[in-house]
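Chain naming here is simple, since letters A, B, ... match the order of the sequence lines and numbering starts at 1 in each. Computed from a prediction, not measured in an experiment: that's the story for all the values here.
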Amino acid sequence: MSAEMRSNFLRTQIQDDLDTDRVSAVVTRFPPEPNGFLHIGHAKSITVNFGLAEEFGGQCHLRFDDTNPEKESQEFIDSIQEDVRWLGYEWHGEVRYASAYFEQLYEWALHLIEQGLAYVCDLSPDEARAYRGTLTKPGQDSPYRARSVVENRDLFVRMRLGEFNDGERVLRAKIDMASPNINLRDPILYRIRHADHHQTGSDWPIYPTYDFAHGQEDVIEGITHSICTLEFEDHRPLYDWFIENLPVPHRPRQIEFARLKTSYTVTSKRKLKQLIDEAIVEGWDDPRMPTISGLRRRGYPAAAIRHFCEEVGTSRSDSVVDVAMLESAVRDELNRHAPRAMCVMRPLRLTLTNLAEPLKLQVPNHPVDQSFGHRELVLDAELFIDEDDFREEANKHFKRLVIGKRVRLRGGLVIEAESCDKDADGAVQCVYAKCITAVPGDDPADGVKPKGVIHWVSADRAIPATIREYDRLFSVSDPGKAEDLSAVLNQDSLTTNTTAMVEPGLVTAEPEDVYQFERQGYFVADRYEHHSERPVFNMTIGLRDTWSNPNG
RNA sequence: UGGGGCGUCGCCAAGUGGCAAGGCAGCGGGUUUUGAUCCCGCCAUUCGGAGGUUCGAAUCCUCCCGCCCCAGCCA
């Protein structure tokens, strides 16, 4: 592990396991259930598990925890793999499936039955709940708890053969119905589900529960560190019970950490799905969604997401990270890696009254990094600038174009506004200005400096583009707590701009290319809808704006 | 009011008995052909609270307070 990495309890404990020879190599795993799209919270788990394996020279598996076929599908299996790879990770070996271990799990269940440590229970779900007791009251033994090994074995084998209906019986561990830890009150190991499984088809009418399967899956794969979230901490005694009572040669070490939450975000699958179902967003990968595919389509670089996950740290305390921290990581990454370009959002015609010839300009593609090279731009007498960049008059804080005042056209000449035309309503129709300098880069000979720099595009050469400007989906920082999601929605989370004009060079932009439109923000060519004939850019994130007085 | 966790700056988070890192946000200032970037400076005499142990405590002990998780045949 490199020295500049912040220490956290996970690294400390793994290092200790290595130092004390408790393990000789690190094997972790990212074990999603394929029942939805991955989101920013999963990204944290991915960076933790793959990151730890990488740091300690170990390996990380991708394993689908597919023990509940009714909620899972191939679509999610595909999207999850794509998202993990996009984030920059490659799992060790083949993709693994819990379902590939069903036979072994079944054998182990049989073993518990033989040992008198598991029994088939015929209680209905309601009855089972009543027998379970409450948080403060111990449970009662199931009347089926005393079944003989022979009977339990017979019943369980017949469960597998499909002789019983869904929900009719379950296999339970025989532990302690009075345990203060509810997870130990004879937890269910297998339930009957006559459902086709996306991997095993109709092979199984019974499926193991997560609690019975998960730890054993880790055992089978030789996982040394089973890293999971806090809510599984009190399941650990149960997992240990399985390990102690099953003929397994290996004992993974489970370590829990707090899941990542960010402000202004919801990640519960139910709520994400609600946003889709109510057409508040356009799908799992809508650029406003906190899904990996949504962030990707928004233009958030994988590296920024990785850095963010590292920067927020890993601890055991429930916390909500300010989403501004994610945005900061995105800006930091994009500032260094996005080429610059110009885009006029709300075009206002500007005529250069004294420009005789179109002027060829060599404009750097990055203000600092020379390796980005230059591009040629042509400055014509007829331009578009942004409406916001012109005022007939303004105070000295307005560092843009004002009649009688000067600005520099980005990469080009210094101009001075002379006059403007207005319509009957007083709205400015076009602006007339004269060039003060003749050579790009020159300062005015009279020493009167321009007030600022504004972006522009050539009126005849620029190409129209659709720009989608995004804002946060929610108006409150903790939408997850809202009783009604629709009540905390930001109604203006998407603004589609169809008047924008981008510089001609952008016809070569490929889907997912990100640019900084100077003075505005970062924009990504939409992964699916961008075409060179009809550019579509999504606003990734605006430039940081510390201008205190927007009214100049 | 059973069990398991967690409480260090507005938000994250190092620190594990020796004189409170860092990031984000914020606030000043400098540079600048992006009101961006970059650079400099400021930002916890104090670690949920109260006692105690100690030469010395965020770190150890005691009690208290607050928050989170668990009663799916979900994961």
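- One N or O donor and one acceptor, one from the side chain of A:Gln516 and one from the base of B:U34, sit under 3.5 Å apart.
- Contact between the side-chain N/O atoms of A:Ser315 and the OP1/OP2 oxygens of B:C12 is not found at any separation under 4.0 Å.
- At B:G4, none of the side-chain N or O atoms of A:Arg316 fall inside 4.0 Å of OP1 or OP2 (strictly under the cut-off).
- Side-chain polar atoms of A:Arg132 and A:Gln140 form no donor-acceptor pair below 3.5 angstrom.
- Base-pair partner of B:G66: B:C6 (Watson-Crick or G-U wobble, both distances under 3.5 Å).
- Spacing between atom CD of A:Glu311 and atom P of B:C11 amounts to 18 Å, rounded to whole angstrom units.
- Side-chain proximity of A:Arg191 to the nucleotides B:A75, B:A14, B:G4 is greatest for B:A75.
- Nearest to the side chain of A:Thr134, among B:A75, B:G35, B:A71, sits B:A71.
- Distances from the side chain of A:Asp234 to the nucleotides B:C70, B:C68, B:A14 place B:C70 closest.
- With rounding to whole Å, A:Lys44 atom NZ is found 11 Å from B:A13 atom C1'.
- Distance A:Asn35 CG to B:A75 C1': 7 Å, rounded to the nearest Å.
- Here B:U59 sits opposite no nucleotide as a Watson-Crick or G-U wobble pair (both hydrogen-bonding atom distances under 3.5 Å).
- One atom, CG of A:Asn183, and another, P of B:G5, lie 13 Å apart when rounded to the nearest Å.
- In this model, no side-chain donor or acceptor of A:Asn181 finds a partner on the base of B:G4 within 3.5 Å.
- Base engagement by A:Ser124 is indicated by at least one non-hydrogen atom pair under 4.0 Å involving a base atom.
- Ring geometry for A:Phe517 against A:Phe523 counts as parallel: the plane angle stays under 30°, on a 0 to 90° scale with 60° as the upper cut.
- A donor-acceptor contact closer than 3.5 angstrom links the side chains of A:Lys44 and A:Thr314.
- Picking from B:G35, B:C6, B:C73 the nucleotide with the shortest atom distance to the side chain of A:Ser317 gives B:C6.
- The closest donor-acceptor contact from the side chain of A:Arg346 to the backbone of A:Glu387 lies at 3.5 Å or more, if one exists at all.
- For the residue pair A:Ser317/A:Ser315, the side-chain donor-acceptor check at 3.5 Å is satisfied.
- In terms of position on RNA chain B, the residue among A:Arg340 and A:His214 whose nearest nucleotide sits closer to the 5' end is A:Arg340.
- In this structure, of B:A75, B:G15, B:G23, it is B:G15 that holds the atom nearest to the side chain of A:Ser7.
- Across all strands, A:Thr67 comes closer than 4.0 Å only to sugar-phosphate atoms, never to a base (heavy-atom distances).
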Please tabulate, one pair per line, each protein N/O and nucleotide N/O from nucleotides 37-40 of chain B that are separated by under 3.5 Å, including the distance.
from  : atom 1 : to       : atom 2 : distance (Å)
B:U37 : OP1    : A:Arg544 : NH1    : 3.3
B:U37 : OP2    : A:Arg544 : NH1    : 3.2
B:U37 : O2'    : A:Asn335 : ND2    : 2.7

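- You'll find that the side chain of A:Leu230 is closest to B:G5, out of B:C12, B:C24, B:G5.
- Between A:Glu231 atom CD and B:G5 atom C1' there is a gap of 12 Å when expressed in whole angstrom units.
- The distance from atom OH of A:Tyr207 to atom P of B:C73 is 18 Å, rounded to the nearest whole Å.
- Under a 3.5 Å cut-off, the side chain of A:Ser263 and the backbone N or O of A:Val323 do form a donor-acceptor pair.
- Residue A:Ser328 places its side chain closer to B:A25 than to any other of B:A75, B:G35, B:A25.
- Along RNA chain B, the nucleotide nearest to A:Leu409 and the one nearest to A:Tyr522 differ in position, and the one closer to the 5' end is contacted by A:Leu409.
- Nucleic acid contact for A:Glu518: base, since at least one base atom lies under 4.0 Å from a heavy atom of the residue.
- Using the six-membered ring where Trp is involved, A:Trp284 and A:Phe37 have ring planes that are parallel, under 30° apart on the 30 and 60° scheme.
- Below 30°, between 30° and 60°, or above 60°: for A:Phe242 and A:Phe212 the angle between ring planes is above 60°, a perpendicular geometry.
- Here the side chain of A:Asp65 is nearest to one of B:C6, B:A75, B:G15, namely B:A75.
- Atom NZ of A:Lys71 and atom C1' of B:A75 are 8 Å apart (whole Å).
- In the set B:C73, B:G5, B:A75, B:C73 carries the atom at the smallest distance from any side-chain atom of A:Arg193.
- For A:Arg400 against B:G35, a side-chain-to-base donor-acceptor contact under 3.5 Å is present.
- When heavy atoms are screened at a 4.0 angstrom cut-off, A:His455 is found touching no nucleic acid atom at all.
- Salt bridge annotation for A:Lys174-A:Asp186: absent, with no cationic side-chain nitrogen under 4.0 angstrom from a carboxylate oxygen.
- Nucleic acid contact for A:Val414: none, since no nucleic acid atom lies under 4.0 Å from a heavy atom of the residue.
- Base orientation of B:G72: syn (glycosidic angle within 90° of 0).
- Of the candidates B:C11, B:A36, B:A71, the closest approach to any side-chain atom of A:Leu135 belongs to B:A71.
- Nucleotide B:G2 holds its C1' atom 13 Å from the CG atom of A:Asp176, rounded to whole Å.
- Closest of all the heavy-atom pairs between A:Cys343 and A:Asp386 is O-OD2, 4.0 Å.
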